[in-house]
Every structure is written in structure tokens, then in C-alpha cells.
Amino acid sequence: MAEPSATVPGRLALIRRPGPLLADGLVTHLKKSSVDLDLALQQWDAYAACLRSAGWETLEVPPADDCPDAVFVEDAVVVAGDLAVLTHPGAAERKPEVDGVEGVVRDLGYRVVRITDPGTLDGGDVLKVGDTAYVGLGGRTNGAGIAQLEGHLRGVGLRTQAVTVDLALHLKSAVTALPDGTVIGWDPVVDWPDAFPLYEGVPEEGGAHVVVLDEKLLLMAASAPRTAELFRGRGYDVVTVDISEFEKLEGCVTCLSVRCRG
Ligand SMILES: NC(=O)NCCC[C@H](N)C(=O)O
């Protein structure tokens with residue numbers, strides 16, 4: 001896709017360049033496999049270009065090169081309305097990633113709050129659908145973290161509903177949502193499909209991850225061609241990016257950016 005001539009007002013995506021230690025990133029549900037750093041950088045560039053092609057301005061959060069998983073920037077901050085919630089990641093190795101995000105969201109004018117001990121929360125566990133924030137309770141996010149987030153989100157008109165996550169790393173590793181509010185997931189890793197008023201299974205694991213670029217346009221991983229076709233058949237436009245090197249580290253298209261909708 002060609003780079004656009006102009007961004008659409010109110011569409012800003014935070015991204016964070018992969019660091020030199022990327023290959024040392026955590027894996028929980030997958031077996032460790034070798035990550036090609038050069039290829040990962042190319043894929044990350046293409047991912048960012050794809051956001052820009054859809055009218056999104058991209059803003060780089062300062063790198064956190066000591067943290068292998070910092071590229072998965074979605075885990076460090078949750079934005080909702082005028083609020084930015086700095087998270088307290090569940091994995092000790094990932095806690096320092098949050099520091100470099102604070103200045104960026106402050107400069108953007110967000111009201112900044114944070115999740116603190118004993119709470120833990122990863123942004124990848126937070127799925128907003130309409131006025132509900134579904135929050136995964138699992139390996140990275142605990143009950144205290146969810147309780148703190150609930151208090152913060154109430155102030156911006158969101159209700160919070162906890163959803164158990166055992167089969168996947170994060171809630172959004174298992175499910176995301178289409179623009180019409182249908183929650184989509186790959187059944188083998190969805191613990192509680194009944195938690196969502198509208199749920200539909202998709203045929204591929206990577207097909208469960210959509211970045212909603214606008215009401216008609218979805219960004220998906222190239223690893224889910226059958227699901228992309230399924231959504232095209234429903235009238236959506238779908239652009240795909242190859243993120244194989246990030247998938248080896250249990251990353252997906254959603255966690256490589258934080259979409260700030262103005
Ligand atoms: N939100 C996400 O799904 N983030 C992916 C994080 C992957 C990273 N290797 C981790 O285990 O934390």
C-alpha cells in the first residue's frame with residue numbers, strides 16, 4: 001500500500017521500535033524459536049507504513065532497548081477518552097517498559113494514572129467493545145489490577161468485566177472485536193465465549209486478531225488468509241501484514257501499537 005498524503009485527524013497510533021534483544025522475548029504458550037531481527041525490523045516498518053496508509057499518524061515511543069518485549073507497546077498503556085492508564089505488567093522483565101511511555105502520553109495531553117502493586121495488568125488483556133472493557137484475568141493480569149482499572153475506567157464511562165484467561169497469553173491473544181461489536185476468537189484458546197453477547201469463532205488463530213483501522217477497514221496478520229477472506233465476504237476491506245517474527249514471540253497485530261482515537 002502506498003504512503004498517504006495526509007493523516008485523518010484524531011487517528012494517532014503509538015508504536016515502539018524493536019530493540020536489539022528482541023529475540024530474547026518471553027514465550028509462554030509456544031516453544032522458543034529463532035527470531036530474525038533484520039526481518040523483524042522490516043516487518044515492523046511495513047506494519048507502521050500500513051497504519052499510515054490508512055490515515056493514522058504514527059508516533060514512536062522512546063525505545064526501551066534493555067527490554068526484549070518493548071515492541072509490544074500495547075501492554076504498557078491503556079487509553080480511553082482523555083485518560084491514559086500506565087500499566088504494571090505481570091512479567092517482571094516487562095515492568096520497566098512503562099517508564100518511557102509516560103512522557104509521551106503526558107505530552108499528548110492525557111490525564112495519566114497508573115496501576116500499582118499489588119495490582120498487575122497488561123494492556124493486551126483489555127478489550128474495549130462499546131461501553132464495556134473486558135479484562136482478562138490470567139497469567140499477566142490479576143484481580144487487584146482489574147479492580148484498579150475498573151475504578152479508573154468508570155470515570156470515562158466504561159464498565160469493566162473480568163474474563164478468565166487460561167488458554168492464551170492475554171485476552172486479546174484469544175479474542176478481538178469487529179467494528180459491529182462481534183467478538184471474534186479462535187475457539188481452541190477462548191476460555192469463555194459466553195462472556196460476550198456476540199461471539200463468533202474464526203478458522204485460524206491469527207484470524208482472531210483485528211486492528212480496526214476504520215469502520216470498514218481491518219488490519220490483520222498474513223498468517224490468517226482464510227479469515228481475511230471471510231471478513232472480505234462480509235464487506236470489510238482487509239489489509240494484511242506479515243508479522244511472523246513477532247508471532248514467534250506470541251505477539252499479534254493488535255499489540256504492536258496503541259490506537260489513540262481523538
Ligand atoms: N498484547 C500482547 O499480546 N502482547 C504480546 C506480548 C508477547 C511477549 N513475548 C510477552 O510474552 O509478553
Side-chain angles (χ1 to χ4, degrees), residues 14-35 37 40 44 60-80 83-106 110 112-127 133-153 160 162-174 189 191 209 243 245-258:
L14 307 183
I15 53 176
R16 195 176 226 171
R17 190 168 289 279
L21 302 180
L22 177 70
D24 297 330
L26 297 170
V27 285
T28 306
H29 295 267
L30 293 181
K31 265 181 64 178
K32 189 99 190 168
S33 59
S34 69
V35 171
L37 182 58
W44 182 83
E60 279 194 46
V61 169
D65 283 350
D66 292 340
C67 297
D69 284 307
V71 65
F72 304 116
V73 66
E74 178 192 59
D75 292 321
V77 62
V78 175
V79 293
L83 187 69
V85 182
L86 298 173
T87 66
H88 193 48
E93 303 89 324
R94 300 201 59 190
K95 292 190 196 297
E97 293 177 23
V98 175
D99 297 342
V101 179
E102 178 167 6
V104 173
V105 287
R106 279 198 195 284
Y110 282 99
V112 178
V113 294
R114 45 172 83 236
I115 304 297
T116 54
D117 275 330
T120 64
L121 183 104
D122 280 16
D125 273 317
V126 182
L127 172 67
Y134 296 97
V135 188
L137 173 67
R140 298 290 175 85
T141 294
N142 65 15
I146 295 176
Q148 290 176 32
L149 184 71
E150 180 172 28
H152 295 312
L153 294 184
T160 295
V163 184
T164 301
V165 174
D166 281 332
L167 298 171
L169 177 64
H170 289 123
L171 178 63
K172 278 195 283 185
S173 318
V189 296
D191 291 270
H209 314 135
I243 54 161
E245 300 317 287
F246 302 104
E247 288 172 328
K248 290 174 183 172
L249 297 166
E250 296 178 56
C252 41
V253 281
T254 48
C255 55
L256 289 170
S257 63
V258 179

Pairwise side-chain contact, [X] with [Y], heavy-atom cut-off 4.5 Å (strictly under):
| X | Y | answer |
| --- | --- | --- |
| V78 | H152 | no |
| L121 | H88 | no |
| I115 | V85 | yes |
| E97 | R16 | yes |
| L256 | F72 | yes |

* Asked: T87: what forms a side chain to side chain donor-acceptor pair (under 3.5 Å) with it, not counting sequence neighbours?
  -> none
* Structure fact -> For S257, the side chain to side chain donor-acceptor pair (under 3.5 Å) test, sequence neighbours excluded, returns Y47, R259
* Mind checking what makes ring pair (Phe, Tyr, Trp, His ring centres under 6.0 Å) contact with F246, not counting sequence neighbours? -> none
Side chain to side chain contact (heavy atoms under 4.5 Å, CB included) partners for [X], two or more places apart:
| X | value |
| --- | --- |
| C252 | H209, T254, C255 |
| L26 | D69, A91, E93, R94, R140 |
| A162 | I146 |
| L86 | V77, V98, V101, E102, V105, V112, R114 |

Check [X] against [Y] and note the closest heavy-atom contact, atom names and distance.
| X | Y | value |
| --- | --- | --- |
| V258 | V73 | CG2-O, 3.8 Å |
| P62 | V104 | CD-CG2, 3.6 Å |
| G119 | A144 | CA-CB, 3.7 Å |
| A168 | S173 | CB-CB, 4.0 Å |
| L22 | A40 | CD2-CB, 3.5 Å |

Can you tell me how far [atom2] of [Y] sits from [atom1] of [X], rounded to the nearest 0.5 angstrom?
| X | Y | atom1 | atom2 | value |
| --- | --- | --- | --- | --- |
| D117 | N142 | CG | CG | 9.0 Å |
| E60 | R17 | CD | CZ | 4.0 Å |
| L153 | Q148 | CG | CD | 11.5 Å |

Any donor-acceptor pair under 3.5 Å from [X] side chain to [Y] backbone:
| X | Y | result |
| --- | --- | --- |
| K248 | V27 | no |
| D125 | G138 | no |
| D122 | D75 | no |
| D191 | D166 | yes |

